[in-house]
Structures are given as C-alpha cells and as structure tokens.
Amino acid sequence: MIELSDRANRISPSMTFAIASKAKALKAKGVDVCDFSVGEPDFVTPAFMREGAKAALDAGQTKYAPTAGLPKLRAAIADKLAGDNGLAYTPEQVVVTTGGKQALYNTMMVLLGPGDEALMPAPAWVTYPEIVKLTGAEPVLIPTDESTEFRVSAAQLAEAITPRTRLVVLNSPANPTGTVYTPQEIAALAEVIVEHQITVISDEIYEKLIYDGRRHVSIGSLGEEILSLTVTCSGFSKAFAATGWRLGYIAGPIHVIKAATALQSHSTSGANTFAQHGALVALRAGNAQEVIEEMRLAFQARRNLVIEELQQIPGLSCTVPQGAFYAFPNISQTGLDSLTFCERLLASEQVAAVPGGAFGCDDNIRISYATDTETLRAGLARLRRFVATLA
Ligand code: PLP
C-alpha cells in the first residue's frame, strides 16, 4: 500500500466542502435541499470583470503571467489598499495568488515551521488550523463566545502569547461568526502585537460586507510599527462575487512577499492570466463601488431576515452578525452536538448547515445566508420545524 506522509495524515478535509458536496449530491438526485453550507455569493460576477477577462482571452492573453502577478494588477491592488484601507504598500509589496486561500497558505508556509505556535480566536475559519498544521506548526485557539460577540480581547491575546508564538490570525469581518471588531478593539490588539513583536496575518476578505454603518479598519493602517508586523491577505471572491476565478493577494513586508513569490514559483507558477486581467478591470471600473454596494445591501437585508427568523425559534439563540454572510446560532439548548444536529437536520428536513464543531465551537451551527430569500425563508421554516421535534 502507498503510505501517506505525516503531513497528509495531519490534515482533515474541509467540513464546509464535505457538507456542501453531500447537499449537492442530494440535489442531483432531485431532492429539494435548502443549502446554507457554502460561503459563496449567489450573484454572478459583475459584468465589467467578466468583460475584462473575455477581452483578455480574445486578445490572446493565454500565457503565463509574471509569477507575482501582472504588474498593473499589483499596482492597482496597492492603490486599492492605499485608497480603501489606508495601507501604504508599493506594488512590489503585493503578490497575486490563486484565491484568498492560497494567500493564507503561502503566507503561513513562509512564516511558520515546527515548534512555532499560531494563535487564532476560536471559532476560527476551518482552513486556518489546517494550514498551520501543514507547516508543522501548532494552531492555538483562543476561545471566545457569545458574551463578547465572539471577540478576543487584547488581554486574552496577551495572555495566550508564549515564547513560541510566531503570529496571530485576525479575521474581521469573521467567518463563521460575522463579528466585526471596532476600531478601538483593533487598536488594542495592535498594541499587544507590537509590544510582543509577533506577526499578524489580517484576513480581510469580507471587508466590503459590513452592516449597520460599521467601518472596516485594517490593522496595518494604524502606524508604521504595526504595518511592519502585518501581512494583509484578501481577494476577489467575496467582494466581487468571484469565487470561481480563484484570485487573491498578499500585501506585506518585501521579504515576506519575495518568499511567498518564490514558493508560488514552484507551486502554481502564479494566478490565471486572463482572470487577472478581469480583476484589473474590476479594480479600475468607475462603477465598482456601486455594484459592490448593491450586493452589500442585499446581504444586509438577508441578514435581517435570517436573524429575525432565528430569534423566533424557541430553543435557539443568535447574536447579530455585523459582517460577512453567516449567522452562527447557538443550539446548545437542544442537547445535540453540532455534528449530530447538522446530520439530522439534513436527513430529516434537507437543510444543509455546517457544524460549529468544525470551527472549534460545538454549541453552534453556521448558516450561510449567501442565497436567495425564498430559499432562506423555506430553510428557516424547516429548521424551526426540526428544532420543535427536539423539544
Ligand atoms: N478567508 C476566509 C475567512 C474565508 O471564509 C474564505 C473563503 O471562504 C477565504 C479566506 C478564501 O477565499 P477564496 O480562496 O475563495 O478566495
């Protein structure tokens, strides 16, 4: 038998994709499934981005792009980070990657190794601990709960730091909780990071999806010292409804970007060329902000609907998510663990949700509301019926 490496044996497959493929398989059999599993906007990528990629294809842009990305795209991303986020990066401090996920992967691969610890507030997006394990380092979860709307405090972060801590991963707005840190909270975390001279990976992929007038703050924008310790990771998947394009980016200190580019040169060779041309058009499009705003408003309306419905289900409780497109209701009163809850919900009511256990929080389940309101209404009615059977 072919033996797997220790590395391969250490990782678990993504629970989100596992549930989503179960739901897809049921749908393919003609079952009427309400799929709340996958974090993927249901909108089609804006026309300007699609046209940009089509024009590039028609012009024969089908060869390798430079490993770090098209120079014009790197410059456009640097401009975006300066304009939207107050982050001072040169184009050389940006590398274009194959999705936001590869941005995180490359970053962690060049920063972490055996013996290192990587901190992350829990619940944490499923992929963070798995990538950390791939590097040989150890993920260390800092638990949070509803009492702080799943925020980690500066004091908690300081307490979790050990001599082995290399970095902390911050994700605001967060998957799976929808938590958005306030500017003051980000500043307090930055102080601890600077004091202890650790690195922060700031995953800002949901930055455009923030509700109720709240504001996104990029931790690296808070001063030169914190910027020198920050690696900003993001991408096009969520803001531009472009999950299938597989485009993301890293921005950070030049030596980190060089190492991430070298790694990329031996793995993917760089991101898809015509997709990058589409992204360039998207960042330069005059109406991009309006289109993004339209999607944000639609998500906000769905968020309101989902929370209103969830809060009326006896036996469930839910904090109000301030960003991203997930609700994270607490199911502990039902007496079921999150995996059993989700398996039974799918089997009896054909509603697909992700067990909170996958994110390190077994009292909750994740509902993605990146789907149409009709499906949301139907699925939540089924969820209510299911919870009633557990009483
Ligand atoms: N970061 C977070 C928190 C996410 O939820 C996701 C996708 O679900 C990503 C990064 C990666 O996005 P992608 O690789 O699709 O660009």
Side-chain angles (χ1 to χ4, degrees), residues 13-21 35-43 45 49 69 73 77 95-109 118 120-132 139 141 150 152 168-181 200-210 216 218-219 231-251 260 264 267-268 270-272 275-276 278-279 282-283 299 321-328 353-354 356 358-361 366-371:
S14 161
M15 176 81 87
T16 321
F17 282 118
I19 299 269
S21 48
D35 188 359
F36 299 155
S37 64
V38 86
E40 176 164 53
D42 53 324
F43 302 108
T45 307
M49 187 163 169
L73 179 57
I77 292 169
V95 53
V96 184
T97 57
T98 303
K101 208 174 253 186
Q102 202 210 359
L104 294 158
Y105 180 84
N106 284 358
T107 303
M108 291 189 188
M109 284 302 271
M120 57 196 75
W125 180 44
V126 285
T127 292
Y128 300 140
E130 298 307 318
I131 302 180
V132 170
L141 304 182
F150 301 104
V152 77
V168 57
V169 184
L170 278 192
N171 176 218
S172 176
N175 176 4
T177 57
T179 299
V180 175
Y181 283 73
V200 54
I201 298 180
S202 184
D203 179 357
E204 306 190 3
I205 198 139
Y206 292 102
E207 64 163 324
K208 295 291 180 191
L209 302 176
I210 293 197
H216 172 68
S218 294
I219 193 163
V231 181
T232 308
C233 291
S234 193
F236 294 82
S237 297
K238 316 290 174 173
F240 287 95
T243 44
W245 292 61
R246 312 307 307 127
L247 278 183
Y249 51 87
I250 314 169
Q264 180 151 292
S267 50
T268 58
N272 175 297
Q276 291 191 60
L283 286 183
F299 283 127
Q322 305 109 17
F325 36 60
Y326 308 104
F328 202 57
V354 182
F359 307 96
C361 193
R366 191 191 76 175
I367 289 176
S368 163
Y369 53 84
T371 189

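Whatever order the structure lists them in is the order used to number ligands and atoms, beginning at 1.
When each of Val200, Thr107, Asn106 is tested with Val231 by the rule side-chain contact (heavy atoms from CB on, under 4.5 Å), just one qualifies, namely Thr107.
Under the 4.5 Å side-chain criterion, counting only non-hydrogen atoms from C-beta, Val38 is not in contact with Ser368. Looking only at side-chain heavy atoms (C-beta outward), Pro173 and His216 come within less than 4.5 Å of each other. Proximity of Phe328 to Phe150: side-chain heavy atoms (C-beta onward) are separated by under 4.5 Å at one or more points. For the pair Trp125 and Met120, the minimum side-chain heavy-atom distance is 4.5 Å or more. Side-chain contact between Leu247 and Asn272 is absent, with no heavy-atom pair separated by less than 4.5 Å. Annotation: side chain of Arg366 is in contact with side chain of Asn175 (closest heavy-atom distance under 4.5 Å). Proximity of Ser234 to Tyr249: side-chain heavy atoms (C-beta onward) are separated by under 4.5 Å at one or more points.
Closest to atom 15 (O) of ligand 1 among all protein heavy atoms lies Arg246 NH1, 2.9 Å. The nearest heavy-atom contact from the protein to atom 9 (C) of ligand 1 is Trp125 CH2, 3.3 Å. From the protein, the heavy atom lying nearest to atom 1 (N) of ligand 1 is Asp203 OD2, 2.6 Å. The nearest protein atom to atom 8 (O) of ligand 1, hydrogens excluded, is given as Lys238 NZ, 2.7 Å; this is a heavy-atom distance. Atom 12 (O) of ligand 1 has Ile205 CD1, 3.6 Å as its closest protein atom, hydrogens excluded (heavy atom only).
A heavy-atom separation below 4.0 Å is not found between Gly235 and ligand 1. Taking 4.0 Å as the cut-off, Glu40 does not count as a neighbour of ligand 1 on heavy-atom distance. Under a 4.0 Å heavy-atom criterion, Tyr249 is not in contact with ligand 1.
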Next item on the list: For ring pair (Phe, Tyr, Trp, His ring centres under 6.0 Å), just list the numbers for Tyr326 and Phe359, CA-CA rounded to whole Å, side-chain angles, deciding distance to a tenth of an Å, and then say yes or no.
Entry: CA-CA 13 Å; Tyr326 308 104; Phe359 307 96; 7.9 Å; no
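Of all the heavy atoms of Tyr128, the ones lying under 4.0 Å from any atom of ligand 1 belong exclusively to the side chain. At a heavy-atom distance under 4.0 Å, only side-chain atoms of Tyr206, from C-beta outward, approach ligand 1. Within the 4.0 Å heavy-atom criterion, the part of Asn171 lying near ligand 1 is the side chain and not the backbone.
For ligand 1, the polar-atom distance check against Asn175 finds a nitrogen or oxygen pair separated by under 3.5 Å. The shortest N/O to N/O separation between Gln102 and ligand 1 does not fall below 3.5 Å. Residue Tyr326 places no N or O, backbone or side chain, under 3.5 Å from any N or O of ligand 1. Where the criterion is an N or O separation shorter than 3.5 Å, residue side chain and backbone included, Gly100 meets it with respect to ligand 1.
Each of the atoms 11 (C), 13 (P), 14 (O) of ligand 1 lies under 4.0 Å from some heavy atom of Lys101. The Ser237 neighbourhood of ligand 1 comprises atoms 13 (P), 15 (O), 16 (O), with distances under 4.0 Å to a heavy atom of that residue. Contact atoms of ligand 1 toward Gly99: 14 (O), 16 (O) (distance under 4.0 Å to a heavy atom of the residue).
The aromatic rings of Phe240 and Phe236 lie tilted to each other, with the angle between the two planes from 30° to 60°.
Within 6.0 Å of atom OH in Tyr105, 12 or fewer heavy atoms from other residues, nucleotides or ligands are found, so the atom counts as exposed in its surroundings.
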